[in-house]
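Quick notes on the structure that follows.
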2 protein chains.
Amino acid sequence: MLSLREIRGDEPTAFTDGCPTRVVLDHVTSKWGVLVLAALAEGTLRWGELRRTVDGISEKMLAATLRTFVADGLVVRDAQATIPPRVDYSLTPLGRDLVEAMSPLLGWIAAHADAIVND
Amino acid sequence: MLSLREIRGDEPTAFTDGCPTRVVLDHVTSKWGVLVLAALAEGTLRWGELRRTVDGISEKMLAATLRTFVADGLVVRDAQATIPPRVDYSLTPLGRDLVEAMSPLLGWIAAHADAIVND
DNA sequence: CGGGATCCGCGTAGATACTG
DNA sequence: CAGTATCTACGCGGATCCCG
């Protein structure tokens, strides 16, 4: 298995408070971060589709989560000045790369969730 | 890239509120969950070592996070009735499996954190 | 040393209502 | 449709005290 020492070398890491790595980790593992990113992995989604896909998220948290990821350069927001308004969200290349790195974790959880919860 | 449809099939998923998958995802992506699991990837650690490794965690949150993972069957707690007391924490086989699934994500974040924070 | 129990304050999530 | 504004509630963290 890949050891932490190999992952991090000798630099400050996510284990160090205030390290940039910790900041990014907090964004990604924020309450709705993983689900929003995973939802966008399937392709571009509109605000309303995103809200329906990520079941249970409030509008406030969806807006906040998306704003964070747009600022991080992981998500693109495309607002069209039509009536009614239409706003599309999609992953940037960087965002797609991140979701690929997340997919083993998502797969593992999907496969083992029942065993963990039902013990 | 692996699509969500492939990951989840047609079952209820982490996207569905109340699904077991969502519960496990919440545990793992809880504020300190990833860091505690990653710390234990290196091997068995004592309470104090864990507290020092995961910089910034409070004793209360460390205890709560560990209790959750022990209940989930991801972490083993080994308390020895010596004076002074010694309590070791380590990953179960299931926990080790999970950390392996997490390692691409941790590696990606370590590699890209600076680029994201400094934009 | 390794916790558990409790109280308390603050920030952030959530629900609801309103707007362009 | 796609948000923002406002209010409330709870999770998280700090501090303290205690115990085996």
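Below, read A as the first sequence line, B as the second, and so on, with proteins coming before strands; counting in each chain starts at 1.
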Using five base pairs at each end to define the local axes, how bent is the helix from C:dC1-D:dG20 to C:dG20-D:dC1, to the nearest 10°? 50°

Nearest whole Å is fine: how far is C:dG2 C1' from B:R46 CZ? 9 Å

Side chains of A:T16 and A:R22, heavy atoms from C-beta outward: is any pair under 4.5 Å? no

What I'd like to find out is whether the side chain of A:T65 reaches to under 4.5 Å of the side chain of A:V54, using heavy atoms alone. no

Side chain of A:P84: nearest nucleotide among D:dC1, C:dC1, D:dG14? D:dC1

Using a heavy-atom cut-off of 4.0 Å across all strands, would you classify A:R51 as base, sugar-phosphate, or nothing? nothing

All pairs passing ring pair (Phe, Tyr, Trp, His ring centres under 6.0 Å) where residues 94-119 of chain B contributes a residue, at least two apart: B:W108-B:H112

OP1, OP2 of D:dA2 versus side-chain N and O of A:R86: anything below 4.0 Å? no

So do the side chains of A:D88 and A:L45 get within less than 4.5 Å of each other, counting heavy atoms only? no

Atom CG of B:L45 to atom P of C:dG2: distance rounded to whole Å? 11 Å

Point-to-point distance, once rounded to the nearest 0.5 Å, from CG of B:L40 to CD of B:E49: 10.5 Å

Non-hydrogen side-chain atoms of A:D26 and A:V23 separated by less than 4.5 Å: no

Look for any protein N or O under 3.5 Å of an N or O in nucleotides 3-6 of chain D and output each such pair with its distance, or none.
{"residue": "D:dG3", "atom": "OP1", "partner": "A:R77", "partner atom": "NH1", "Å": "2.2"}
{"residue": "D:dG3", "atom": "OP1", "partner": "A:R77", "partner atom": "NH2", "Å": "3.4"}
{"residue": "D:dG3", "atom": "OP2", "partner": "A:Y89", "partner atom": "OH", "Å": "2.8"}
{"residue": "D:dG3", "atom": "N7", "partner": "A:E59", "partner atom": "OE1", "Å": "2.9"}
{"residue": "D:dG3", "atom": "O6", "partner": "A:E59", "partner atom": "OE1", "Å": "3.4"}
{"residue": "D:dT4", "atom": "O4", "partner": "A:E59", "partner atom": "OE1", "Å": "3.3"}

For atom CG of A:D78 and atom C1' of D:dC1, their distance in whole Å: 15 Å

Cut-off 3.5 Å, no hydrogens considered: what does the side-chain donor-acceptor table look like for residues 27-36 of chain B, sequence neighbours left out?
{"residue": "B:H27", "atom": "ND1", "partner": "B:D72", "partner atom": "OD1", "Å": "3.4"}
{"residue": "B:H27", "atom": "ND1", "partner": "B:D72", "partner atom": "OD2", "Å": "2.5"}
{"residue": "B:T29", "atom": "OG1", "partner": "B:L25", "partner atom": "O", "Å": "2.7"}
{"residue": "B:S30", "atom": "OG", "partner": "B:H27", "partner atom": "O", "Å": "2.9"}
{"residue": "B:S30", "atom": "OG", "partner": "B:G33", "partner atom": "N", "Å": "3.3"}

Rounded distance (Å) that lies between atom C1' of D:dC12 and atom CG of B:L62: 14 Å

For A:A63, which residues count as a side-chain contact (heavy atoms from CB on, under 4.5 Å) partner, sequence neighbours excluded? A:W47, A:R67

Within the structure provided, determine whether B:I109 and A:T21 are in side-chain contact (heavy-atom separation under 4.5 Å). yes

By nearest atom, which of the nucleotides D:dC12, D:dA2, C:dG2 is closest to the B:P85 side chain? C:dG2

Nucleic acid contacts - residues 22-33 of chain A versus DNA chain D, non-hydrogen atoms under 4.0 Å: none

Please determine, for the side chain of B:M61, which listed nucleotide (D:dA2, C:dC1, D:dC12) has the closest atom? D:dC12

Would you say B:T92 and B:V76 make side-chain contact, with heavy atoms under 4.5 Å? yes

Within-4.5 Å side-chain heavy-atom neighbours: B:L74 and B:T68: no

Can you measure A:I57 atom CD1 to C:dG14 atom P for me and round it to whole angstrom units? 8 Å

